[in-house]
Number of protein chains: 2
Amino acid sequence: MTDIARECGITKMTVSRVLAGGDKVKPATKARVLAAAKKLNYEVNTLAKNLTKGRSGFVGVATPFEGLLGTCYFGECFRGFSKARKRFDLDFVLFDTKLESFQDGEKLTQLYRQCRFDGLLVLGAHMNDSFIESLKSAGIPLVIIGEKPLSSEICSVSCDNTGGVELLCEHLYTLGHRRIAFVEGPKNLKVAKSRREQYLNFCRTRKLITPPHYLQPGTFQMSSGREAGKALLTGHTRPTAIIAANDSMAFGVIESARELSLRVPHDVSVVGFDDLDDASQYSPPLTTVHQPAFEMGKLSAQKLFKSIDTDILPTGQTVLNVSLILRESTAVPPSGPST
Amino acid sequence: MTDIARECGITKMTVSRVLAGGDKVKPATKARVLAAAKKLNYEVNTLAKNLTKGRSGFVGVATPFEGLLGTCYFGECFRGFSKARKRFDLDFVLFDTKLESFQDGEKLTQLYRQCRFDGLLVLGAHMNDSFIESLKSAGIPLVIIGEKPLSSEICSVSCDNTGGVELLCEHLYTLGHRRIAFVEGPKNLKVAKSRREQYLNFCRTRKLITPPHYLQPGTFQMSSGREAGKALLTGHTRPTAIIAANDSMAFGVIESARELSLRVPHDVSVVGFDDLDDASQYSPPLTTVHQPAFEMGKLSAQKLFKSIDTDILPTGQTVLNVSLILRESTAVPPSGPST
DNA sequence: ATTTACTATGTTATCGGTAACATTGTGTAA
DNA sequence: TTACACAATGTTACCGATAACATAGTAAAT
């Protein structure tokens, strides 16, 4: 930059003005500076620029590596983030929320105060996310994605998990199912809780029978769906329909049915939640609830960027709609529709 | 920092020395400084620190979002990166190689020169990665992960794709299969090419019949495996074994067999490549080649970190071993083993 | 002609650290 | 006692940009 100034016989300051957008600079000077800049292969030093602005130009993305990184949901969300990024002076840095040092938010707060990032996207909230409160109170621009936190003070973008499960239940009920079981997700995830609660809620409202083993534990992984399916399909009072709290587990349930020589959906209906890419490829293609991961990513990133630009902490809890995707894994129960 | 200095009645410089590691500082002074630092809630400004060092403290991870982000492979690799990171003054920034601006390396070179990152990990190399050459010539510390590039000048960590396919072919051949088909990956990926070449190579060596349609195109996605499987299993000269260039497509092939009421492995053997989490959960559990994604990630990150620390560009091409995982998707061909 | 009001550019300080060299003080060898 | 080496700290400049204010020059208004 100093070189450019010398080359043009002017001050560094004027050069800075040109390069920053050239507001009040004589067109002739401007042209000369730009020419010199090109000639000298000038590139801004983002570090220096950000130092004066007190920003790093990086947005943290905190997510449990083990649970989400490498899943379709993560990928879609992240594509959403990137899409929202119009300006190219912001990039994304990944942090693992499972690391011990992050559990209490200490580490993230520290990283923020060290200007290591300008704001934070939290993907996949846990039940015990006390760390979110502590981040919030540290004044970090923050958006939660996945399920809205308890405190309404915190900005979040989620999808209608409750409504989604409602759609699934309603669909099965309408087909005539009365013995509906549920495979739930990890107990420490909020989305898992929301989905389970709504299932229980539905059963209560419609007065469906729910033997204790109808609520099977799961981990959101295919293997746990398989185990749960086995338990359900070999146990007493066999359900005619099984809701898995996500698609992966639904695949597992279908596998277990196959092992037991039960046909889906003829002998048992199976539904999932997420609408993974593979859901339409499976045999049978899976009836499930579509979760708008891409939109969620995009929207949350937009909120965060806006907050960073305006220096106003993000607010508001957005809940996106979900939709039921009817495919071929559901049918009327084998005994025929109930009345 | 200036505050601390004032508090202790000394200079900023001494404070800096203490905080940087306190080489030649009197223990008493050191203690006083540390106490004051804690009292004043001091946190380094990483931006400023890095400005003087000319480093950003961020490592770029360039990967095609569409192909790899959200896959198990990506997740494992990334966990490997994180594991390799002993020091916490380096974090990872994601870039999408599919973005037009990245195609020729221009954008990445620019980001590097703007101090936006200190080094680059390239995950998932394409055939037409001319941009890698241009990055190399720009002097960017660079490690390629996935398949080694043509130029041996460039540092890479890959796994033995050729050997892996060899293991699969050998396994099937030993079981007695002579009609072996192959579902290949996207034509623009290097790994896909390596795997295909080795299959063709094997067929040539063993003089196996290979009607043109035995080499089916694919995209590495389940749906393409399904289509390829359908074509192979309904076509003439039905193969007794099908090698899919990755696990996802193998799942698709199995689905297609199921649709056609063919049993795996009784009627047709199917193998994959990658050893995804779900491979062991599928029915039948998939015989496949285990790819050490985690180790690849770890190793490549180590190489890059070392390079950044020493200011010597990374070199050497490491090829990690793969192993055949025998499960239940392969058996002797229906006609009995050949001689 | 003088004031006014900009416009275009220059000055200086600052962001929060570090490098390099300068200075003081202290203990030890000559 | 003097000199020298080394330990502990201070000075100054600089990394590469920008903010805030200052100044010179020019055109329009009076």
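All values derive from a computational prediction rather than experimental measurement. Reckoned from all heavy atoms, side chains included, excluding hydrogens, waters and symmetry mates. Naming convention: chains lettered A, B, ... in sequence-line order (proteins, then strands); numbering from 1 in each chain.
No donor-acceptor contact under 3.5 angstrom links the side chains of S158(B) and K190(B), judged on distance only. In summary, the side chains of D118(B) and S56(B) do present a donor paired with an acceptor at a separation below 3.5 Å, with no hydrogens or angles considered. Between S82(B) and K298(B), the side chains place no donor N or O within less than 3.5 Å of an acceptor N or O (distance only, hydrogens not considered).
A salt bridge links D3(A) and R6(A); the closest N-O separation between the charged side-chain nitrogens and carboxylate oxygens is under 4.0 Å. Salt bridge annotation for R85(A)-D91(A): present, with a cationic side-chain nitrogen under 4.0 angstrom from a carboxylate oxygen.
The closest donor-acceptor contact from the side chain of K136(A) to the backbone of E153(A) lies under 3.5 Å. Remark: side-chain polar atoms of R116(B) are not paired, donor with acceptor, to backbone N or O of L108(B) under 3.5 angstrom. Under the 3.5 Å distance criterion, the side-chain polar atoms of S16(A) are left unmatched by any main-chain donor or acceptor of K12(A).
Look at NZ on K24(A): it is 13 Å from C1' on dA20(D), rounded to the nearest Å.
Partners of F58(A) by ring-ring contact (aromatic ring centres under 6.0 Å, His included), not counting sequence neighbours, listed by chain and number: F58(B). With sequence neighbours left out, the side chain to side chain donor-acceptor pair (under 3.5 Å) criterion links Q114(B) to E43(A).
Of the residues in residues 108-119 of chain A, none lies under 4.0 Å from DNA chain C by heavy-atom distance. In the region residues 1-21 of chain A, proximity to DNA chain C at under 4.0 angstrom, judged on heavy atoms, holds for I10(A), T11(A), M13(A), T14(A), R17(A). Within residues 32-57 of chain B, the residues that place at least one heavy atom under 4.0 Å from DNA chain D are, in residue-number order, L51(B), T52(B).
In this pair, F92(A) and F305(A) present their aromatic rings tilted. The plane angle is within the 30 to 60° band.
Put simply, CD1 on I154(B) and CD1 on I144(B) are 6.0 Å apart, with the number rounded to the nearest 0.5 Å.
On the nucleic acid side, DNA chain C contacts chain A at distances under 4.0 Å to non-hydrogen atoms, with the end points of that region at dA8(C) to dC15(C).
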